[in-house]
> 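Have a look at the structure that comes next, please.
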2 protein chains.
Amino acid sequence: MERLDDIFFYTLEKSIKTYRQFAQRAILKQGFELTIDQWLVLKAIMDNPEWNQQEIAEAAFKDFASVTRIIELLVKKEFLNRVIHPADRRRFLLTPTPKAVQHLKSMQPVTERNRKTALRDLNQDEIARVQQFLTIIIKNCNNI
Amino acid sequence: MERLDDIFFYTLEKSIKTYRQFAQRAILKQGFELTIDQWLVLKAIMDNPEWNQQEIAEAAFKDFASVTRIIELLVKKEFLNRVIHPADRRRFLLTPTPKAVQHLKSMQPVTERNRKTALRDLNQDEIARVQQFLTIIIKNCNNI
DNA sequence: GTTTTTTAATTGATATATCAATTATATTTG
DNA sequence: CAAATATAATTGATATATCAATTAAAAAAC
């Protein structure tokens with residue numbers, strides 16, 4: 001009988017979930033009020049201010065509905081300003097608030113420490129190789 | 001400025017999410033009525049009939065509340081029978097129905113094909129190495 | 001220039017994740 | 001054994017995931 005522990009994708013899922021729990025707890029413990037998903041969407045918007053929500057969704061590998069709801073929360077929490085796009089009234093212009101910029105910046109050390117802790121004992125080359133490997137899985141699952 | 005694509009954990013999350021979407025769609029398209037999470041919980045129960053819900057939760061890396069709700073759905077869908085445990089009235093005795101056994105068995109080819117497709121072009125040694133690598137991450141995140 | 005089609009975003013319904021609080025039962029302790 | 005503590009599971013609240021349906025505006029087609 002096949003054992004869960006032997007299934008590659010089981011380990012894959014377990015690793016990202018374990019990391020997420022670990023990282024989210026560290027973030028909350030430091031007093032920051034963003035979830036990892038909110039951080040990800042906010043970061044995608046800051047890096048690409050001209051993108052629409054669909055492009056943001058793709059970058060954050062979320063679906064449109066989730067992005068809509070996450071943005072709503074970010075607006076409510078005053079991390080984002082949302083106004084109708086001057087060139088296309090179906091869209092919104094999303095602008096991170098100064099609070100958001102400052103929040104992200106001061107989260108940076110925590111984020112970096114989380115990653116470092118999770119990757120302890122693993123060297124850069126190996127990390128890069130695994131990342132390459134994961135990219136192939138992503139391609140394989142998309143080209144169907 | 002750090003780019004999302006360069007962040008290892010971003011790629012990690014993207015890979016498992018892409019795989020999940022791909023696999024879940026294939027499962028639904030074949031007419032099976034289980035989500036991947038329900039499959040996982042059901043599989044854990046079948047492999048370890050004596051476990052309580054907390055042990056199941058751990059094996060499926062879910063929290064107790066999620067497991068309670070997933071089991072509820074599995075009972076409603078007639079994949080599980082749930083009776084009070086004779087030795088401890090706080091617990092339940094969970095038994096997969098014949099329907100569940102048959103369902104899992106006939107899902108097996110789809111599951112195997114999904115994994116194979118996602119891992120195309122990747123050899124066994126490499127897969128095993130990456131799995132080892134991921135196990136280290138899991139340890140690192142738990143030993144804090 | 002009006003109709004048709006596409007596109008951007010939202011909403012509703014259901015499933016899952018997480019934390020905190022609660023309930024019911026078992027176990028321990030004094 | 002009665003009180004205190006621990007354990008198993010559920011429930012409530014909020015966040016996220018997914019699919020389908022809907023709305024509003026833009027673009028294309030005629």
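Chain naming here is simple, since letters A, B, ... match the order of the sequence lines and numbering starts at 1 in each. Quantities reported herein were computed from a predicted structural model and do not represent experimental measurements.
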> So, A:Gln24 side chain and A:Gln21 main chain: donor-acceptor pair closer than 3.5 Å or not?
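Not at all, since once roles are kept as given, no pair shorter than 3.5 Å links the two residues.
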
> Over how many whole Å does the gap from B:Leu74 atom CG to C:dT14 atom P extend?
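After rounding, the gap between these two atoms is 17 Å.
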
> Base, sugar-phosphate, or nothing: which does A:Asp63 touch, judged by heavy atoms less than 4.0 Å apart?
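The residue A:Asp63 makes base contact.
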
> So, OP1 or OP2 of C:dT16: does either fall under 4.0 Å of a side-chain N or O from B:Lys62?
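Checking B:Lys62 against C:dT16: no side-chain N or O falls below 4.0 Å of OP1 or OP2.
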
> To the nearest Å, how far apart are B:Glu72 CD and C:dA15 P?
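My rounded result for the distance is 11 Å.
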
> B:Gln24 near the nucleic acid: base, sugar-phosphate alone, or nothing, with a heavy-atom cut-off under 4.0 Å?
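Counting heavy atoms under 4.0 Å across all strands, no contact is made by B:Gln24.
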
> For A:Glu50 and A:Arg91, work out which heavy atoms get closest and say how close.
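The answer is O-NH2, 3.1 Å.
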
> Can you find a side chain N or O atom of A:Thr68 that sits less than 4.0 Å from OP1 or OP2 on C:dA9?
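Answer is no, no contact under 4.0 Å.
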
> Between the base of C:dT7 and the side chain of A:Arg90, is there a donor-acceptor distance below 3.5 Å?
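Between C:dT7 and A:Arg90, which were checked side chain against base, a qualifying N/O pair under 3.5 Å is present.
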
> With a 4.0 Å limit, can you tell me whether A:Ser66 has a side-chain N or O closer than that to the phosphate oxygens OP1/OP2 of D:dT16?
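Negative; the distance criterion is not met.
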
> If you assign each of B:Ala65 and B:Leu28 to its closest nucleotide in DNA chain D, which residue comes earlier from the 5' end?
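The residue mapped nearer the 5' terminus is B:Ala65.
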
> Please report the distance, rounded to the nearest Å, between CD1 in B:Ile16 and C1' in C:dA17.
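After rounding, the gap between these two atoms is 16 Å.
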
> Between A:Arg115 and B:Glu2, does at least one N-O distance fall below 4.0 Å, as a salt bridge requires?
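Counted as a salt bridge, because a side-chain N and a carboxylate O are separated by less than 4.0 Å.
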
> Check this one for me: any side-chain N or O of A:Gln53 less than 4.0 Å away from OP1 or OP2 of C:dT10?
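Yes, within the criterion.
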
> B:Ile84 has an atom CD1; how far is it from atom P of C:dA24, in whole Å?
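To the nearest whole Å, that distance equals 12 Å.
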
> Which of these nucleotides, C:dT10, D:dA17, C:dA17, is closest to any side-chain atom of B:Lys17?
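Of the candidates, D:dA17 comes closest.
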
> Please work out if B:Arg20 contacts a base, only the sugar-phosphate, or nothing of the nucleic acid, heavy-atom cut-off 4.0 Å.
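Result for B:Arg20 = nothing.
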
> Under 4.0 angstrom, heavy atoms only, what part of the nucleic acid is B:Gln54 near: base, sugar-phosphate, or nothing?
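Base contact.
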
> When the distance from CD1 of A:Ile70 to P of C:dT11 is rounded to whole Å, what number comes out?
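Value for this atom pair: 15 Å.
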
> Measuring to OP1 and OP2 of C:dA9, would you say a side-chain N or O of A:Arg82 lies under 4.0 angstrom away?
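No, no such contact exists.
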
> Salt bridge or not between A:Asp37 and A:Lys62? Use side-chain N to carboxylate O under 4.0 Å.
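Yes, charged N to carboxylate O under 4.0 Å.
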
> Between C:dT14 atom P and B:Glu33 atom CD, what is the distance in whole Å?
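The distance from CD of B:Glu33 to P of C:dT14 comes to 16 Å, rounded to the nearest Å.
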
> Give B:Thr35 one of three labels, base, sugar-phosphate or nothing, depending on what nucleic acid heavy atoms sit under 4.0 Å from its own.
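Counting heavy atoms under 4.0 Å across all strands, the contact made by B:Thr35 is with sugar-phosphate only.
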
> Separation of A:Glu58 atom CD from C:dT7 atom P, in whole Å?
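One finds 14 Å between P of C:dT7 and CD of A:Glu58, rounded.
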
> Compare side-chain N and O positions of A:Gln21 against OP1 and OP2 of C:dA17 and report whether any pair is under 4.0 Å apart.
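Answer is no, no contact under 4.0 Å.
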
> Would you kindly give the CG-to-C1' distance between B:Leu73 and D:dT10, to the nearest whole Å?
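Computing the B:Leu73:CG to D:dT10:C1' distance gives 14 Å.
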
> Do the side chains of A:Asp125 and A:Arg129 get close enough for a salt bridge, i.e. N-O under 4.0 angstrom?
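Salt bridge: no.
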
> Does B:Lys76 pair with B:Glu72 as a salt bridge, N-O distance under 4.0 Å?
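Salt bridge between B:Lys76 and B:Glu72, a charged N being under 4.0 Å from a carboxylate O: no.
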
> May I ask you to evaluate whether B:Arg69 reaches the phosphate of C:dT18, defined as a side-chain N or O under 4.0 Å from OP1 or OP2?
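False: B:Arg69 side-chain N/O out of range (4.0 Å or more) of C:dT18 OP1/OP2.
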
